[in-house]
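This is a predicted model, so every value here is computed, not measured.
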Protein chains: 2
Amino acid sequence: MLPQSESMRGRILAAAVKLFAEYGYHAAPMRDIAMLAGIQAASIYHHYPNKQALLVEIMETSMRRLNEGLERILREFDDPMQRLQEAVAYHIDLHTRNKQEFFIIDTEMRALEGENRAYILSLRDRCESLFQEILSDGMERKIFRHTDVKVASYAIISMCTALATWFRPGGRLTVQQVTAIYLQTITHGLLLAEERPQTQVE
Amino acid sequence: MLPQSESMRGRILAAAVKLFAEYGYHAAPMRDIAMLAGIQAASIYHHYPNKQALLVEIMETSMRRLNEGLERILREFDDPMQRLQEAVAYHIDLHTRNKQEFFIIDTEMRALEGENRAYILSLRDRCESLFQEILSDGMERKIFRHTDVKVASYAIISMCTALATWFRPGGRLTVQQVTAIYLQTITHGLLLAEERPQTQVE
DNA sequence: GTCTATATCGGGATAGAC
DNA sequence: GTCTATCCCGATATAGAC
């Protein structure tokens with residue numbers, strides 16, 4: 001059974017997060033979620049209408065929080081480089097502190113039924129367009145190299161999102177170290193070169 | 001029903017690839033796979049012992065092909081920069097031409113039972129260590145900036161793997177264009193900077 | 001090698017008592 | 001708000017005919 005939580009709703013959701021992440025949405029039975037929360041399966045339906053609602057709430061909560069943080073960063077900072085650093089650091093921070101939730105977002109999109117998929121996708125689109133705003137603004141102001149904004153944003157978001165898969169808290173590296181390495185890679189690349197081509201690819 | 005294929009085994013596997021990618025392993029019924037292959041569900045069991053065997057064969061085939069290609073590149077090329085370019089280009093090429101297979105590898109690891117998971121994970125580990133060999137060799141030879149090899153390899157593999165999710169053949173950009181943008185980003189980063197810090201982060 | 005028919009099981013969800 | 005009991009369906013897999 002999971003450690004205590006104020007509300008039963010919270011306990012159920014926490015159990016669902018753990019089991020959806022571990023076994024996948026379809027492979028995680030309501031009975032097991034209930035047991036982990038310390039109740040019977042039927043009791044879940046007093047708090048949530050069905051299994052799908054658990055998935056939607058998990059995804060919605062984390063995605064909204066991510067977007068709100070990114071929006072705050074865009075409001076508070078103006079310098080493109082600082083914006084990028086803050087955004088990447090925040091993205092990584094949230095993805096490592098809520099590993100399981102973002103892993104579910106990343107792997108269980110297909111399990112969303114009907115309108116739910118479009119809704120969660122719209123939240124993910126919002127996240128992408130926030131990163132794209134940082135990049136295109138930085139390119140216009142000649143801080144960033146001119147390149148395809150969408151592709152660059154996908155590249156950044158992909159590598160930061162995948163952190164939720166492989167990062168182990170308490171492992172060899174701290175979140176701060178990984179963030180520093182990622183930022184260095186994103187901004188300067190891997191190549192250790194004196195001569196730098198200033199020509200830009202169209 | 002799927003277009004023809006030489007063998008029924010091939011037809012079944014192609015149907016499984018399509019449905020596992022679209023609905024997920026657990027949400028794709030054997031009945032639907034069979035129907036797509038043009039037979040009855042029971043007939044699948046003449047060709048494969050069970051559903052799990054379909055998943056394993058899909059993952060194994062693509063991962064082995066990826067690793068064999070990367071091993072060939074490491075044999076054929078010596079220059080670190082060229083190795084990296086070839087490896088990334090090959091990785092992207094395979095991931096875009098076999099979108100669904102690699103999407104399944106990326107999202108259905110949890111569905112692997114017993115020994116199967118360790119086996120497929122070992123193939124993925126092999127892929128990672130091949131990229132890591134390129135990077136650490138390039139760092140020793142002062143071609144690449146000194147940084148954490150594992151983190152850098154995860155970053156590269158993550159962004160290239162995620163292509164299988166968002167890339168649409170026939171869309172705005174060709175594979176060649178995306179590959180060029182990715183390679184530019186990986187090697188030179190986003191920052192358009194004259195002054196380049198030569199100090200290296202430990 | 002494919003079929004029809006079916007065994008067997010586990011899943012989500014509901015009914016109604018307490 | 002949680003329980004026990006149960007409905008009902010769809011899933012994998014098997015048996016055995018053709």
Side-chain angles (χ1 to χ4, degrees), chain A residues 1-59 104 107-108 110-117, chain B residues 1-59 104 107-108 110-117:
Chain A
M1 205 192 298
L2 236 43
Q4 81 300 338
S5 157
E6 4 37 271
S7 67
M8 182 51 76
R9 256 185 87 92
R11 293 179 61 87
I12 293 167
L13 208 68
V17 165
K18 183 168 158 53
L19 295 184
F20 288 173
E22 193 166 346
Y23 303 116
Y25 176 75
H26 290 292
M30 290 294 265
R31 288 170 167 85
D32 292 9
I33 294 170
M35 187 163 58
L36 206 59
I39 53 174
Q40 291 298 314
S43 306
I44 292 182
Y45 294 88
H46 178 76
H47 302 275
Y48 288 93
N50 50 43
K51 191 181 184 181
Q52 178 81 186
L54 292 170
L55 182 63
V56 172
E57 184 160 323
I58 291 166
M59 290 183 164
I104 292 166
T107 53
E108 294 294 354
R110 289 172 299 190
L112 289 168
E113 301 159 11
E115 306 294 307
N116 297 334
R117 191 175 311 196
Chain B
M1 205 191 297
L2 237 43
Q4 82 300 336
S5 157
E6 10 27 278
S7 67
M8 182 50 75
R9 256 186 85 93
R11 292 179 61 86
I12 293 167
L13 208 67
V17 165
K18 181 167 160 52
L19 295 184
F20 289 173
E22 194 165 347
Y23 304 116
Y25 176 75
H26 291 293
M30 291 293 266
R31 287 186 232 280
D32 292 9
I33 295 169
M35 186 164 58
L36 206 60
I39 52 175
Q40 291 298 313
S43 306
I44 292 181
Y45 293 87
H46 178 77
H47 303 274
Y48 289 93
N50 49 43
K51 191 180 183 182
Q52 178 80 189
L54 292 170
L55 182 63
V56 172
E57 183 159 323
I58 290 166
M59 290 182 164
I104 292 166
T107 53
E108 295 293 354
R110 290 172 298 189
L112 289 167
E113 301 158 12
E115 307 294 306
N116 297 334
R117 188 174 315 193

Task: Minimal non-hydrogen separation, B/Y25 against B/K51, with atom names - done: O-NZ, 2.7 Å
Task: Any donor-acceptor N/O pair, B/R110 side chain to A/F20 backbone, under 3.5 Å - done: yes
Task: Donor-acceptor contact present, side-chain A/R11 to main-chain A/A37, <3.5 Å - done: yes
Task: Minimum-distance pair of heavy atoms, taken over all atoms of B/Q52 and B/L112 - done: OE1-CA, 3.3 Å
Open item on the list: Is any side-chain heavy atom of B/H47 closer than 4.5 Å to one of B/L13?
Closed with: no
Open item on the list: What residues from residues 27-35 of chain B pass a heavy-atom cutoff of under 4.0 Å to DNA chain C?
Closed with: none
Task: chain A contact limits on DNA chain C, taken 5' to 3' with a cut-off of 4.0 angstrom to heavy atoms - done: C/dG11 to C/dA15
Task: Separation of D/dT14 P from B/H46 NE2 (nearest whole Å) - done: 15 Å
Task: Upstream residue (5' side of DNA chain C) when B/Q40 and A/P49 are each assigned their closest nucleotide - done: B/Q40
Open item on the list: Just to be sure I understand the rule, does A/H26 reach a base, reach only the sugar-phosphate, or reach nothing, if contact means heavy atoms closer than 4.0 Å?
Closed with: nothing
Open item on the list: If you define the side chain from C-beta out and look only at heavy atoms, does anything of A/R9 sit under 4.5 Å from A/I12?
Closed with: no
- [ ] Please report the closest heavy-atom contact between A/A27 and A/Y23, naming both atoms and the distance.
- [x] CB-O, 3.1 Å
Open item on the list: Give me the atom names and distance for the closest heavy-atom approach of A/A16 to A/I58.
Closed with: CB-CD1, 4.0 Å
- [ ] Round to the nearest Å and state the distance from B/L54 atom CG to D/dA13 atom C1'.
- [x] 13 Å
